[in-house]
Amino acid sequence: MMCDIIYAGNKAKFGQPEILLGTIPGAGGTQRLPRAVGKSLAMEMILTGYPISAEDAQKSGLVSKVFPAEELVNEAIKTAAKISSSSKTAAQIAKEAVNTGIALASSLDQGLHFEKRMFNSTFSTDDRKEGMTAFVRKRKAEFTDN
């Protein structure tokens, strides 16, 4: 979600499974995902841990294009070549304008700061310990809500 352009292979899945481990998405998951796909889908993905398909990710705006897996790298290279054939100064300015506009309009930095505090707080919970232990041991977690 931090990428400027996201392409996906047709068999890719996108999810935020951290709730299944007794924690929450870190590194921007609770802040970037709603901005990318809207609150309702983001909440469903974050609160259930259910992944979405590449096609659904494209429909929701999370990815810009979906390609057969065997064509994905070549298509990404074509796009990179197209971008690099343009003015690098103009591309840099365009990226800065888009990114600044998004940050100013939605206070992403404040949201990320809050998320980081909340994410770190889950590491003192019994549920996070149980979730991680269950994951490593390949068993279903038994949460106690502590």
Any side-chain heavy-atom pair from [X] and [Y] closer than 4.5 angstrom?
| X | Y | value |
| --- | --- | --- |
| Glu130 | Leu21 | no |
| Thr30 | Leu112 | no |
| Lys65 | Glu75 | no |
| Asp126 | Lys129 | yes |

[X]-[Y] co-clustered via ILVMFWY side chain contacts under 4.5 Å:
| X | Y | value |
| --- | --- | --- |
| Val66 | Met1 | yes |
| Val73 | Phe67 | no |
| Tyr7 | Val63 | no |

Can you tell me how far [atom2] of [Y] sits from [atom1] of [X], rounded to the nearest 0.5 angstrom?
| X | Y | atom1 | atom2 | value |
| --- | --- | --- | --- | --- |
| Asn10 | Leu72 | CG | CG | 9.0 Å |
| Leu33 | Leu62 | CG | CG | 6.5 Å |
| Asn99 | Asp4 | CG | CG | 6.0 Å |
| Glu55 | Gln58 | CD | CD | 7.5 Å |

Near [X] [atom1], under 6.0 Å, is it more than 12 heavy atoms from other residues, nucleotides or ligands?
| X | atom1 | value |
| --- | --- | --- |
| Glu70 | CD | yes |
| Met118 | CE | yes |
| Arg139 | CZ | yes |
| Lys88 | NZ | yes |
| Phe114 | CZ | no |

> Which is it for Ile46 and Ile19 under the side chain to side chain contact (heavy atoms under 4.5 Å, CB included) test, yes or no, and what are the steps along the way?
Replying inline: CA-CA 7 Å; Ile46 291 167; Ile19 197 79; 5.9 Å; no
Can a donor-acceptor pair be found, under 3.5 Å and without considering hydrogens, that links the side chain of [X] to the backbone of [Y]?
| X | Y | value |
| --- | --- | --- |
| Arg128 | Ile24 | no |
| Arg35 | Gln31 | yes |
| Asp127 | Phe143 | no |
| Gln16 | Gly49 | no |

Can you give me the closest heavy-atom contact between [X] and [Y], atom names plus distance?
| X | Y | result |
| --- | --- | --- |
| Gly9 | Ala54 | O-CB, 3.3 Å |
| Phe14 | Ala8 | CZ-CB, 3.7 Å |
| Pro34 | Gly29 | CD-O, 3.9 Å |

> Given the rule in the side chain to side chain contact (heavy atoms under 4.5 Å, CB included) test, do Lys116 and Asn120 qualify, once you have shown the distances and angles that lead to the verdict?
Replying inline: CA-CA 6 Å; Lys116 183 178 181 180; Asn120 289 338; 3.8 Å; yes
>> Any carboxylate oxygen within less than 4.0 angstrom of a Lys/Arg side-chain nitrogen, looking at Lys78 and Glu71?
In response: no
>> side chain to side chain contact (heavy atoms under 4.5 Å, CB included) for Ile5 and Ile83? Distances and angles first, verdict last.
In response: CA-CA 11 Å; Ile5 300 169; Ile83 293 168; 3.7 Å; yes
>> Quick one, Ile52 with Met45, criterion side chain to side chain contact (heavy atoms under 4.5 Å, CB included). Give me CA distance, side-chain angles, the key distance, then yes/no.
In response: CA-CA 8 Å; Ile52 61 172; Met45 292 172 69; 4.0 Å; yes
> Can you list the steps and then say if Glu18 with Thr23 is a side-chain hydrogen bond (donor to acceptor under 3.5 Å, both in side chains)?
Replying inline: CA-CA 5 Å; Glu18 291 85 352; Thr23 188; over 6 Å; no
